[in-house]
A.B. asks: 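Structure below; questions to follow.
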Number of protein chains: 2
Amino acid sequence: MPPKLRDVAERAGVSVKTVSNVVNGYVHVKDATRDRVQRAIDELGYRPNLTARSLRSGRSGVLALAVPELDVPYFAELARLVVETAADRGYTVVIDQTGGGREQEMVVLKGIRSHFVDGVLFSPLALSAADLRARTDRAPLVLLGERAPRGPDDHVGIDNVRAARDATEHLVAIGCRRIAAIGAQTGGPGATARQRLSGYRASLTEAGLPYDPDLVVPARSFHRADGFAAMAALLALPDPPDGVFCFNDPLALGALRCLATRGIRVPQDVAVVGFDDAEDGRYSTPSLSTIAPDKPTIATTAVDFLLARIDGTAPTGPRRTTAPHTLVPRESTDR
Amino acid sequence: MPPKLRDVAERAGVSVKTVSNVVNGYVHVKDATRDRVQRAIDELGYRPNLTARSLRSGRSGVLALAVPELDVPYFAELARLVVETAADRGYTVVIDQTGGGREQEMVVLKGIRSHFVDGVLFSPLALSAADLRARTDRAPLVLLGERAPRGPDDHVGIDNVRAARDATEHLVAIGCRRIAAIGAQTGGPGATARQRLSGYRASLTEAGLPYDPDLVVPARSFHRADGFAAMAALLALPDPPDGVFCFNDPLALGALRCLATRGIRVPQDVAVVGFDDAEDGRYSTPSLSTIAPDKPTIATTAVDFLLARIDGTAPTGPRRTTAPHTLVPRESTDR
DNA sequence: CTGAAAGCGCTTACAG
DNA sequence: CTGAAAGCGCTTACAG
């Protein structure tokens, strides 16, 4: 049996309350008492039982982070940053992989684990605004990624429409005239993809370029294999594109690979822009131009929003932050 | 206040014990009683308080996975597989990032959170065998990755020496005669790097090739940037290599990028092999030959070892498994 | 098959 | 500044 508060109290000759005060850094303890208690703690190797503390105090010191997939670079980086930020604030993070499906995401929303965590950071892919509004679980929640219009929850994201315009405008600026988009998701929610698509269209309009539905290729998921397949479909067109905007970096890296296998030169024949600024794209050949969301800001803001909800120091209404993004031009559009 | 067992019991007109029996799927409950209880649960929206359950039962249903970094592809994939496997078995996973430093790893070893998790899956980078043996925390532990010779703990890994030989032999087989190694870590523990280095040397000896210390480049960490820098150093040699074995895929992708920027052809001028079979290497240009550890087997075995320890169904002594690996030849050695 | 009661290890008013 | 006691919401022998 590991030692408990009571054992420490007996050894130090004080009450459990005093030990508890020492353990929790309560200030009004005489130095002599504190020393005596601390010595007993050290001698016994006492460590507080976090479960009991949590049951009694109603706080676990654990946050949940729910993301679609850990091995999509963007989510892996986000997870790292969230875990680091939370650790700075004295919190542990439980990671939940939803797979991006609605069913799994509803499980998160219903708070199956909410008795156990103090709050939830959630990056949903398939949920609708109605799903979010219908939530009954009362654990504090902060949404990442998609913009939930008029949703009831705190939210941290970027301006996807603006970012997609920036990416497309960049292709226009270097002389592309037939610009394709890879990653559209029309059926279902997929707010992110929809916003990026609408930014793409806005940019075409602005540039006086026609919108050609043939150049918009949907993707089931956002992996390299999907980007490869989409690029292959575009190349099979009678009039293939001279520029491609991919809705994330893995799609773009898959597209690059497809172009390489066909012997098509990037950026001379086809220019490519991705989205997310994954480390991969900095070392690919050619290196990948991309939209870089400010991930540290996203992670820090989200964690701090959540902790403020948990502490009750947050304002009543939902808080929303749009983190900045930047276009990072690299070789894949260098012409 | 969320409803508790007692509220459900009152509503259903039974004792809390009976509700508990229903909630926990205990079989000897009359169907009529079960239905009545279930209805009360549904009406109240009752969900068990996991913290209380855990305090009472001594089980939390939570496993910890401690890895150096989530955004190293190998660990991200491993994390995904571990989380999936654990979920299958009814467990949640807390992820701990150690950064790979000894201090942080000692924190894991000391079990700061062990009151809170049922067991720990740990992939250490900096710990020595002595550190491991000195551990006093009694939470079940399964080690991943390094081989801890005669350690007291369960362990799941691959044969790093053999795998490194396979990689190097492959380079020999395609005609390389000056083969470099990137990723050596001489000072400190770094068992993995040491094993891969020793496999590399064994293979050279076997092939009758001289060992040239100039061709062995250390790497502080195992990221693309390190691979890039190491390759640059190799190219500055008076007699640069014609083949490179990198101790992981990010190192190899960094090396590829360096070669591309110098206009050196891969595999014609320099052939490159990596290690881990990250998805990145399947879509790089050229695609990356690599050693593919059987990651699903590693994750499944590790989780099952741990659960057996937790259940007490494991044998007394340490269990060790060496998961298979395969060499995957791709364009970077296709000549 | 079901009930009454103790207790997991803490924290927190309440006293003093 | 410190102590005695209640209670967080469960599970689990112990009875019946």
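A, B, ... follow the sequence lines: proteins, then strands. Residue 1 opens every chain.
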A.B. asks: D:dT2 P sits how many Å from A:Asp31 CG, rounded?
C.D. replies: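 Whole-Å distance recorded here is 10 Å.
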A.B. asks: Would you kindly give the CZ-to-P distance between B:Arg36 and C:dC1, to the nearest whole Å?
C.D. replies: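 Going from B:Arg36 (CZ) to C:dC1 (P), I get 15 Å.
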A.B. asks: Could you give the CZ-to-P distance, from A:Arg47 to C:dC10, as a whole number of Å?
C.D. replies: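 Going from A:Arg47 (CZ) to C:dC10 (P), I get 11 Å.
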A.B. asks: Would you say a side-chain N or O of B:Thr18 is under 4.0 Å from OP1 or OP2 of C:dC1?
C.D. replies: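 No, outside the criterion.
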A.B. asks: Reckon A:Ser20 has a side-chain N or O less than 4.0 Å from the OP1 or OP2 of C:dT11?
C.D. replies: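 Yes.
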A.B. asks: Can you measure A:Leu50 atom CG to C:dC10 atom P for me and round it to whole angstrom units?
C.D. replies: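 Computing the A:Leu50:CG to C:dC10:P distance gives 10 Å.
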A.B. asks: Among all residues two or more places apart in sequence or in another chain, which pass the side chain to side chain contact (heavy atoms under 4.5 Å, CB included) test with B:Asn21?
C.D. replies: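 Residues passing side chain to side chain contact (heavy atoms under 4.5 Å, CB included) with B:Asn21: B:Lys17, B:Tyr26, B:Val29.
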A.B. asks: Any strand is fair game: report the nucleotide pairing with D:dA4 by Watson-Crick or G-U wobble, both distances under 3.5 Å, or none.
C.D. replies: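 Its partner is none (no Watson-Crick or G-U wobble pair with both distances under 3.5 Å).
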A.B. asks: Counting only side-chain N and O atoms of A:Asn24, is one of them less than 4.0 Å from OP1 or OP2 of C:dT11?
C.D. replies: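 Result: yes.
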A.B. asks: Determine, for nucleotides 4-9 of chain D in 5'-to-3' order, which nucleotides have protein heavy atoms under 4.0 Å from the base (write B), from only the sugar-phosphate (write S), or from neither (write -).
C.D. replies: B-BBBB
A.B. asks: Taking pairing as Watson-Crick or G-U wobble with both contacts under 3.5 Å, can you name the mate of C:dA13, or confirm there isn't one?
C.D. replies: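 Across all strands, not a single nucleotide pairs with C:dA13.
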A.B. asks: State which residue, out of A:Asp304, A:Leu144, A:Val303, fulfils the side chain to side chain contact (heavy atoms under 4.5 Å, CB included) condition with A:Val156.
C.D. replies: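 Answer after filtering A:Asp304, A:Leu144, A:Val303: A:Leu144.
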A.B. asks: Taking salt bridge (charged side-chain N to carboxylate O under 4.0 Å, His left out) as the cut-off, I'd like each qualifying pair that reaches into residues 27-36 of chain B, sequence neighbours left out, listed once.
C.D. replies: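 Residue pairs with at least one partner in residues 27-36 of chain B: there are none.
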A.B. asks: How many whole angstroms separate atom CG of B:Asn21 from atom P of D:dC14?
C.D. replies: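 Roughly 17 Å, once rounded to whole Å.
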A.B. asks: If I compare all heavy atoms of B:Thr297 with all of B:Pro324, which pair ends up nearest, and what's the gap?
C.D. replies: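 In terms of heavy atoms, the two residues are closest at CG2-CD, 4.5 Å.
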A.B. asks: For A:Ala12 versus A:Ala40, what's the shortest heavy-atom pair and its separation?
C.D. replies: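 Minimum heavy-atom contact is CB-CB, 4.0 Å.
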A.B. asks: Heavy-atom count around B:Arg6 CZ within 6.0 Å, excluding the residue itself: above 12?
C.D. replies: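 Check fails, neighbour count at 12 or below.
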